[in-house]
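Okay, so here's the structure we're looking at.
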Amino acid sequence: MTDAEAALRVRGLEMAFDGVTVLDDVDLEVGRGEIHALLGLNGSGKSTLVKCLTGVYAPVAGQVEVFGHHLPLPVRDAAAHGIAVVHQDTGFVPEMTVLENLGASTGYGAGLLSPVRVARETEVYRALLDDLGLDIPLHAKIADLSAADVAMLAVVRALHVLDSEHGGRLFVLDEPTATLGRAEAEVVLGLMRRIAASGAGVIFIGHRLREVFSVCDRATVLRDGRVVHSGPIAELDHNSVVQHMLGQRVGSFFPDPPELGSDETRVRISELSGGPVREFSLSVGSGEIVGITGLLGMGHEAVPALLTGDRRPDSGSVEIDGRPVVLRHPADGIAAGIGRITADRLREGCWVEGSARENLTLPVLSRFFRGGWLRRSAESRYAAGLLDTVRLHPAEPERAMTSFSGGNQQKVMFAKWDQLEPSVFVLHEPTQGVDPSAGRELMDRIVARAEAGAAVILVSGDHEQLVELCHRVVVMIDGTLATEIPRAELSEERLLLACSA
Ligand SMILES: Nc1ncnc2c1ncn2[C@@H]1O[C@H](COP(=O)(O)OP(=O)(O)OP(=O)(O)O)[C@@H](O)[C@H]1O
């Protein structure tokens, strides 16, 4: 690649946390107009590399060139150098409105004598959202939006930086589609193609390899902080990518669901209504894995909160093992034996300021008190054991959640709920942000939980996962159950058709 063709050149990048090397002599080249996949298992160093490019972290050594300009390290004011990023953690302030969040990120009205120009900001962002076909109210609070809308807004914000006077040209997307259904992910992928076609360099970090293959030109694979492969995407396939990530051959990416032994109903949901969900009925048997899906906004993403007491239903009933359960509060769900993995781990379900131990033992803390004293070492040993069950290495329970990679945070959340051996396990996008190998491990655990007798409800926009893992899948349209597809008839095409019917 000549100087004129390169959007980004990274040479010999080194980064360490507390003396532990996490990026080791990393080279990366991204051309103008190219979409470049940055791939690797959870914790392989992808996000850290991006954070070095944006100045969040100061690398120990290395060189970074953007469009032929050598950037002194640590990078300062990445946007001014033309680098726009959508991070996994969007950093939006939940209590502020969409407009306030977007405006704050580009510094409107930041000076003493430059008041916030609400009308102008509204106009600019309305036009950007309209351009992308997004119907997100600018005056809604971020906290009230779905995870998918928030992901889209993060792209809008980065796009605005690219369009701004800073004139950004290198667009980095760190798992922008992780919480999105297929149709919504397509919007983001389409946006990436447009940005690349305009001559920008695009780095795409994602674990959904189908998306990577559909949109990327070249790929670089990191393993334990080192580049183990870099080249055209056409030279790779699903298996070879995963082999590069793992450094060894892998088996299937999905386990089969367990054989169904009995037709005993574990959970019966009858005419449940609340939020966008209307008169939703579903029965799931012991050992059964049932998927719920739909296009964004069709109500499937609101079902988990109704089933776990996070949102009080307006009407309808839920029975577990023939006994009615009242779901007014999350504690009601836990008491009834309902476990829940939330789709948005940073906002719900995870205490990000806490350690892995504090997160893991929260639901069972009383077990570790003796004579009014917390037996910290027993608690810590127990937490380490749980980390081992999800093969999280290193199994260091005292580490802050913020220092775990996104996929490893998801593993901690899984272990937290799985330890309670729920009789109904409601999983909302359980493998989002998890690499294919760790995803397989989590899915094995899901199957094991079903084999142990739980009714598993898998709410997901990942059609491939639903097809492989579920005994049947129900599709929601306009808040109600529209179609039910048995395993024998399940295919991604069938699901897509049912969702868009
Ligand atoms: N602030 C931090 N302090 C200490 N260690 C960190 C910190 N941030 C990341 N790490 C460690 O650096 C390594 C690389 O993490 P990074 O988040 O870059 O991985 P990743 O490839 O982006 O993973 P994922 O796909 O799960 O997002 C991991 O071992 C992680 O635990």
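One is the number of the first residue; the rest follow in order along the sequence. Any value given below was found using the heavy atoms of this structure, including those in side chains, with hydrogens, waters and symmetry copies removed.
- In terms of the side-chain hydrogen bond (donor to acceptor under 3.5 Å, both in side chains) criterion, Asp25 has no residue partners (sequence neighbours excluded).
- Across all their heavy atoms, Pro74 and Pro59 have their closest contact at CA-CD, 4.5 Å.
- Residues passing the ring pair (Phe, Tyr, Trp, His ring centres under 6.0 Å) test with His463, sequence neighbours excluded: none.
- Annotation: side chain of Leu102 is not in contact with side chain of Thr97 (no heavy-atom distance under 4.5 Å).
- For the pair Met401 and Met413, the minimum side-chain heavy-atom distance is below 4.5 Å.
- By the side-chain hydrogen bond (donor to acceptor under 3.5 Å, both in side chains) test, Glu396 is found to be paired with no residue, residues two or more places apart in sequence or in another chain being considered.
- Listed for the Glu468 side chain is no donor-acceptor partner under 3.5 Å among the backbone atoms of Gln465.
- Under the 30°/60° scheme for interplanar angles, the aromatic rings of Phe425 and Phe414 are found to be tilted.
- In this view, Glu358 satisfies the salt bridge (Lys or Arg N to Asp or Glu O under 4.0 Å) rule with no residue, not counting sequence neighbours.
- For the ring pair (Phe, Tyr, Trp, His ring centres under 6.0 Å) test, no residue two or more places apart in sequence or in another chain qualifies with Phe204.
- Val412 is listed as a side-chain neighbour of Leu360, based on a closest heavy-atom distance under 4.5 Å.
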Tell me which donor-acceptor pairs under 3.5 Å the side chains of residues 132-142 have, and how far apart each pair is, sequence neighbours excluded?
none

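- Just one residue in the list Arg445, Lys411, Arg340 forms a salt bridge (Lys or Arg N to Asp or Glu O under 4.0 Å) with Asp418, and that residue is Arg445.
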Please lay out, stage by stage, how Glu29 and Arg9 fare under the test salt bridge (charged side-chain N to carboxylate O under 4.0 Å, His left out). CA-CA 5 Å; Glu29 242 179 42; Arg9 271 207 177 117; 2.9 Å; yes

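- Not a single donor-acceptor pair under 3.5 Å links the side chain of Asp174 to the backbone N or O of Ile205.
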